[in-house]
Every structure is written in structure tokens, then in C-alpha cells.
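Bear in mind that the values here come from a model prediction, so they are computed numbers and not experimental data. Atom set for the values below is all heavy atoms of this structure, side chains included, hydrogens, waters and symmetry mates excluded.
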Amino acid sequence: MQPKENIPEKLLKPYDPTETEPRLYTLWEKSCLFNPDICIEKGFTLPNAKPFTIMMPPPNVTGVLHMGHATMITLEDIMIRYHRMKGDRTLWLPGTDHAAIATQSKVEKELTKTEGKSRHDLGREAFLEKVRNFAQESHDTIVRQVKTMGASCDWSREAFTLDETRTGAVLTMFKKMYEDGLIYRGTRVVNWDPKGQTTIADDEIVYEERMAKLYTFKYAHDFPISISTTRPETKVGDTAVAVHPDDPRYKEYIGKTYDIEFCGVPLHITIVADESVEQEFGTGALGVTPAHSMIDEQIAKKHNLPTIPVINEYAKMTVGDERILNKKTTVAREAIVAWLREEGLLEKEEEVKQNVATAERTGGIIEPLPKLQWFINVTKPIPARGNKTLKEIMRGPIENGAIKIIPDYFNKTYFHWIDNLRDWCISRQIWYGHRIPVWYKDQEIYVGITAPEGEGWVQDEDTLDTWFSSSLWTFSTLGWPEKTEDFAIYHPTDVLETGYEILFFWVARMILMTGYALDTIPFHTVYLHGTVRDGQGRKMSKSLGNGIDPLDVAREYGADAGRMALVVGTAPGTDSKISYDKIKAYKHFANKLWNITRFILGSTNNEHIEAPLLPSDIEQLTKYNEIAKDITKDIEDYRFYMASEKLYHYVWHELADILLEESKEIFLSGTPEAQNSRKTLLQTLLKQSLVMLHPFMPFVTEEIWSLIPHAEKETTLLMVTPWPVH
RNA sequence: GCGCGGUUAGCUCAGUUGGUAGAGCAAUCCGUUUACACCGGAAAGGUCGGGGGUUCAAGUCCCUCACCGCGCACCA
């Protein structure tokens, strides 16, 4: 008998996530239980409970969130909800990143497109106003998306990398590092992006393989050595030719100097010997252009060679006659090749594959230029840290296991990166970001949080690399440099969950800043997720039109389904594929839970039943407890892909397919004792399953929880119901 | 060039300390008896990339080769 009149009406229809999810999120928010203080106040968390903290990697305010963000939100919410239910003092602090270059270039592009203006037409303040508006809109969209996915983060503590508190932290850190001699200003060849009109960091460069021509020629007829280059136009800035000291072909020329005229430009070339020159490559001789190549700059330094800049910030030539002066490098290249041909100096021309350095954000081709910039010295011993260098500070916690990276094979990649690390150029010639807190007056320099007293001080025009502020994230979010209670309780944080592609950009630099400023680590565990690809394994991109919008997923299938699809079968560090087929499967699963509930409520007349269990049913409960323990272990060990799959399997193929099916027979012809025992069992197993599924599928489980009968001691909100396994 | 992954059922991927392989999706057959067709049942499908080694025992450890992907560097 199924007395339908006792079943809540909505349970008689299929589960409807679109109606349920927004309603429940509002309910959760109203309860304020995303805030750990309130959890303590209401008695769901003990005041002396162990803290568990995750700082949400702040999404860039450049637009909307994609499936990668959805993965991040899902994994973090799983951990957070699990720990909250376990009774930990659980804080998940959300925020957004101003993403300096990315955001500015987006607004600039839009400005050019719609109004045909550049940022200089508007001026610094007016342009910044536009960027701020854009960032605000983008922020609001992002917050909506994060909420749609069910993230149980504490909005009362929300942070932005460019808000007042975070700016205070950034400026304080800059000053501190400057005073410790770790931040310095110097002229060095840097990666200049002519399109974005700014320097960029080494790891903001994307290499694109292209075909290029490698030209072999002599500077002049009376010059003894041939050289090869793909960039003949830079040769007007050459001050030396480097050869290997053991190369018999060139030994006799080492130390000699030559005065020549190269396409109308007088050159003074010294032949130097340098071990770094490969004898087998090209002619075995390297034309040294100290101003426009990082390698050449090093050679020039070693041999005390002069540096002659010949290319400006717009990638135009600054020397020569009308053939090349003020011409774009590419145009000048052709002019010089034509001249070489005319003069009969060109010996060889061959097609080679070449990696061209381009700027990640603008796509501009990088022009190495000598520029006066601010740098962080990563190899200077720091007395306050036992004379360790920043490189060593970054290396230490990974080496000694204080920070664990999951999966651990990323350790090697991490060390490899540190080994190749050069000083970090932190100044950017853009407007959106933290302006460098340095003021100049004549020969004087002032570094401070606020402008110096007195007349005539001019602030540095540049802003800081966006990763400078991101690297303070685990503690700037807690109010540092103020000695806040939050900081005392929640730092170091527990887990940093992010994509492996920003291991160096961000993770390493957080370790650097935290080690330097606080002499501790920012987090104990780094969980790296892979890139989410489409069903065919392609990266999701706008141009391919294969992106999946998390909001669409929530609307069509429910956020729960999207979350499960992102987590089941997704091992850390490994790229995963997502398709609507997979998402649909978990929508069906939510509905399965719904129907299981309907059956159980129908069979128990929607009453809470606590009857003695028959031995066979006790056995079922024991079996469940085993599985629950196993799943809890999986969660503790960050195997969310396994935990979620096991839960899915248990609910569908044990609880539904076996237990529910055999219950039908019991309810039809079993003894009253057997019936009551089974009713108790089913109710217990359903509730336990809901509890354990909650971190993975928070909405449908919370909704069912609100529809089923409970014992008096049970809490009304599933999200703060205690985890059954300890 | 240096380094890191991957190669397991048609597809996507699991396989935690070595004990002769698992899930989802798809495909096949049967079933609509009141939780659910967003369903149930059944069967099918893999010499775990090739080769070699260690071991009583290897997808799992070691060596080697091949292919795919990625990172870093070089890019005269």
C-alpha cells in the first residue's frame, strides 16, 4: 500500500533543480552558517574546534566564470562542507582578483572598438573609472555564478585584491621588501610588450612556433667572420661577435676590433670569446646585441661591452638613415636584407622553425628592451631568515614536506622552475593596479605607504605586477598587517586548491611572500586540478565555441549534476573531459535519490520509525558503516573522485537496486517485526546517504532532508548535520 | 636540449602499500508487476602500448623502445 496523501506533493513529481537550488541558497545565506562565527554562536561548532581554512583563488574580474572555475568551486565546497559537518571551525573566504593587465587590456580593446579611443585619449583617472565599472560588473556576475554553484563561502569576509585592506597589505609589503634590500630598481633587458606597452614577466610569455628565415652574412666585406640571425635589423645594435674560445676557425681574431658601416650605421665590433657559444650552431659565431637580447646582455656584461639600444617601445628603429629609421622592425628587416643582397654580403637564407615569444594577454610579439624597472631579488641572503634567499624560502617547505603538493609529481616541476628563476620584474607600465609607492624629487627617492610631506614629489607612474598582490592572498585576506583575530585563528590555511597552470605564477610566490614576511607557510596542502576540456578533449575557448557555461548547466541540469560531473572520475593534476552526457547522468542520479525518498516515505507513511533491527538488517547497517568509513578516508586523502563514485554506486546499486527491491517483498508478506525493522533500516540508510552526499550534491540532499520525517534530536539543516564517521 | 605526465572495455577514465582488472556513457537482448523509462534485469566487451627484468605473484616495481600530451630552456 502506498498512501500517497502522506507524501509531500512535490515528491510526487520528478525532482526540479531549477526551482529548488536558488531557494535553498537563499535559505543557507539567511541562516548565516557559512560564517564560522555564527556556527559557533548557534552551537553547531565548538568554540575550541580545530580550524579548517581555504582561501578561494580569486577569479579575475575579466568576465564570466568557466568550467575550470566550476571545478575549483566544487572541489573546495566539497572540502568545506565536509569539514563543517565534521565540526571543524570552517572558513572559506571568497574574493576576486583585479588581474591588472588582463582587465585593463580587455577594457582597452572594448574602448577602441566602440569609441575608437585609446586609454591615453581618456587620461589616467577617466580610464581607471571605466575599468573600475567594468570590474564591478564582472565581479557581480562572478558572485552570482559562484552562488549558483552552491558555494558555501563566507561572503561577510569577501575580499578583492585591489580593495583598501588588500592595498594596505601590498604597500606595506613593498616597503618592507625595499627596506630589506630585496626590491631594487635597475636597468635590465626586460620582456617588453609593444602592443600592451608594458613589461611582462617571464612566465607571462607564450611561445608560438612559427617559420622564420635564418640569414647568414657578414657585416662587411672586410669583416672576417660570418654570423647568422633571424633578426638582421637588430644587428645595427651589435657591439661584439662572440665565438667559442676553443674554436680553431676564429681563435686568431679574438680580442681584435673592427670599425665598419652596416647599412649606413657605424659599428664598432669586438671579437670576444665566450664559453656559451655553441660551435656547431650556425657559423659558430654570435653577433652580440646587448640591448635586445637577454643572453647577449649577459655576454656583454661579462666582457664589459657597451649597450646600444636601436629599437624603441613601439618596436620601431631608432638609428640609421631613411631606409630603417622609425621603421617597424619587420620593415627594417626587409630593408637590411635587401641591402645585404645588393652588397653581396648575404651568404645563406634558410627556413627554420622558431619559437616566437608573445604576450599572453595581448598577443603582441615580445621585444627585449633595456628598461628601468623594479625587481625582486631572489638570490640575496636575508639575515632575518637565517640568510636564506627567496629562492631557498620557496624551495624549503616543499623539500621538507611542510607543504604537500597533490599530485606529488609536481614537486619536480616546481624545483625545476625555481632553478631557472631570475629576478622577478614587478613593475608594469599600466594604470590599473597598485601604484608603486615610490616618490621622486630630484635625486631623492621616498618609499612609503602614503605620499611624503613637502612639495615637488612625483610618484612613480608604474603599477605592480598583479601577482604581487595575489601572492599575499592567504594573509592579506585575514587583515594583515593588522594583528587580527582572524589571522591568529585561520593562518596558515589548510588547503590551496587551484589549477596546475598557475603553480609558478601563484603558488610559488605565495610560498615566497609568506615565508619571507611571516616566516611560515601559507597552506599545508596544495591540491592541483587539471584543465577541463570538452567531450573531444579540446580546450574550451570562445573561438571554438565549445565552452560550457556553468550557469547553463545549472539551469538545464542543476548545479548538483554539474558538480558531480566535474568531480567523478577526475583525478588531481589530470585534465578531464566534460560533456552533456556526463552531466545528464548525474541529473538522473539526483532524480533517483528523489524517487528513493518517495518510495521510502510511501512505505513508512511519512513517519519517523525507530524499531529494533533484525540481524539481517543490522548486517546491512554494518555494511554501510564500512563503506562510509572507506568514503570518509577517501575524502580525507583528497580522493574526491573515488568518494563520489562510491556514493553514487552505493545509493543506486545497493540501496535502490537491492535493498529497495527486496523491501517490496518484505512489506507485502513479511512479519510486522521484519517490516518495522526494514522501515527503520531504510530511513537510516537514506539519511546517512544524504549526509554523506551533501558535500557533493548539496541542493538535492538538503531539499530531501527538509521533506522527510526526523527524530527530534536531528537538525533541521543538513548542511550543519554532523558527519557520521570520525 | 632538460624535465614531467599519459598509453587499461567502442568512448571517457578509475585502479590508494604488487595478489590473475573496475565504473560511467554508448552499443545488445529481455522486461512497463504501483519509487523511478531521468527505470529494472541479463549478457557482451580488455594478451592493461611493444620488448626485457625482479618476484611464488606485476596494470601496479626496475630497464628499454615507440607514440601522444605538457612544462622549462634555447631560438645566433
Which value, in whole Å, describes the distance between the P atoms of nucleotides rC38(B) and rC25(B)?
-> 14 Å
Roughly how far apart, to the nearest Å, are rG45(B) and rG22(B) at atom P?
-> 14 Å
In whole angstroms, the gap separating C1' of rC74(B) from CZ of R422(A) amounts to 12 Å
How does RNA chain B look in dot-bracket form if you count Watson-Crick and G-U pairs under 3.5 Å, write [ ] for pairs that cross, and put | where a base pairs with another strand?
-> (((((((..((((........))))..((((.......))))......(((((.......))))))))))))....
NZ/NE/NH1/NH2 to OD/OE distance under 4.0 Å, R231(A) and E367(A) = yes
Aromatic centroids of Y580(A) and Y557(A) separated by under 6.0 Å | yes
Identify whether any heavy atom of T570(A) sits under 4.0 Å from a base atom; if not, whether one sits that close to sugar-phosphate; answer base, sugar-phosphate or nothing.
-> nothing
When you measure from the side chain of W652(A), which nucleotide among rG71(B), rG40(B), rA14(B) comes out closest?
-> rG40(B)
How do P14(A) and Q279(A) order along RNA chain B: which one's closest nucleotide is nearer the 5' end?
-> P14(A)
Which is true for V356(A) with a 4.0 Å heavy-atom rule: it touches a base, it touches only sugar-phosphate, or it touches nothing?
-> nothing
P atoms of rA14(B) and rA9(B), separation to the nearest Å | 13 Å
Is the distance from OP1 or OP2 of rC36(B) to the nearest side-chain N or O of H588(A) less than 4.0 Å?
-> no
Please tell me which of the listed nucleotides, rC72(B), rA14(B), rG24(B), lies nearest to the side chain of Y648(A)?
-> rG24(B)
Please check the phosphate of rG40(B) (OP1 and OP2 only) for any side-chain N or O of K592(A) closer than 4.0 Å.
-> yes
Can you tell me how far C1' in rU7(B) sits from the matching atom in rU47(B), rounded to whole Å?
-> 16 Å
Stepwise side-chain contact (heavy atoms from CB on, under 4.5 Å) check, I403(A) with L496(A) | CA-CA 10 Å; I403(A) 297 175; L496(A) 177 82; over 6 Å; no
Would K679(A) and D617(A) satisfy salt bridge (Lys or Arg N to Asp or Glu O under 4.0 Å), going step by step from the backbone distance to the final call?
-> CA-CA 10 Å; K679(A) 287 175 185 174; D617(A) 285 341; over 6 Å; no
Could you check whether A357(A) gets within reach of a base, just the sugar-phosphate, or nothing at all, counting any heavy atom under 4.0 Å?
-> nothing
Looking across every strand, which nucleic acid part, if any, lies under 4.0 Å from L660(A) by heavy atom: base, sugar-phosphate, or nothing?
-> base
Correct closest heavy-atom pair for I609(A) and Q683(A) would be N-OE1, 3.0 Å
Geometric class of the H649(A)/H653(A) ring pair [parallel <30°, tilted 30-60°, perpendicular >60°] | tilted
Is the centre of the Y258(A) ring less than 6.0 Å from the centre of the Y253(A) ring?
-> no
Residues K587(A), E556(A): salt bridge by 4.0 Å N-O rule = no
Selection: residues 405-418 of chain A, any non-hydrogen atom under 4.0 Å of RNA chain B | Y409(A), K412(A), H416(A)
Just call it for F589(A): base, sugar-phosphate, or nothing, with non-hydrogen atoms closer than 4.0 Å on any strand.
-> nothing
More 5' along RNA chain B: D657(A) or H653(A), using each one's nearest nucleotide?
-> H653(A)
How is Y207(A) classified with respect to the nucleic acid when contacts are heavy atoms under 4.0 Å: base, sugar-phosphate, or nothing?
-> base
Please measure how far the C1' atom in rG59(B) lies from the corresponding atom in rG15(B), and state the result in whole Å.
-> 8 Å
Taking it one step at a time, do D408(A) and K404(A) satisfy salt bridge (Lys or Arg N to Asp or Glu O under 4.0 Å)?
-> CA-CA 7 Å; D408(A) 58 4; K404(A) 194 176 150 208; over 6 Å; no
In whole angstrom, give me the gap between the C1' atoms of rU55(B) and rG18(B).
-> 9 Å
Between rU33(B) and rG41(B), how far is it from one C1' atom to the other, in whole Å?
-> 13 Å
Which class fits the ring pair W417(A) and Y414(A): parallel under 30°, tilted 30 to 60°, perpendicular over 60°?
-> tilted
Do K587(A) and rC38(B) have a side chain to base donor-acceptor pair shorter than 3.5 Å?
-> no
Tell me what L11(A) touches on the nucleic acid: a base, only sugar-phosphate, or nothing, going by heavy atoms under 4.0 Å.
-> nothing
Sugar-phosphate only, base, or nothing, as touched by T230(A) at under 4.0 Å among non-hydrogen atoms = sugar-phosphate
Take R555(A) and D552(A) through the test salt bridge (Lys or Arg N to Asp or Glu O under 4.0 Å) and record every step on the way to the result.
-> CA-CA 5 Å; R555(A) 201 178 312 115; D552(A) 289 344; 3.0 Å; yes
Check the angle between the aromatic planes of W652(A) and Y648(A) and answer parallel, tilted or perpendicular using the 30° and 60° thresholds.
-> tilted
Pairwise C1' distance for rC62(B) and rA21(B), with rounding to whole Å | 22 Å
Select base, sugar-phosphate, or nothing to describe what E501(A) touches, counting heavy atoms under 4.0 Å on all strands.
-> nothing
Under 6.0 Å between the ring centres of F640(A) and Y527(A)?
-> yes
What are the two closest heavy atoms between H292(A) and V310(A), and how far apart are they?
-> NE2-N, 2.9 Å
Select one nucleotide: of rC75(B), rC36(B), rA35(B), the one nearest the side-chain heavy atoms of I295(A).
-> rC75(B)
Please produce a list of atom pairs where a protein N or O lies less than 3.5 Å from an N or O of nucleotides 26-33 of chain B.
none

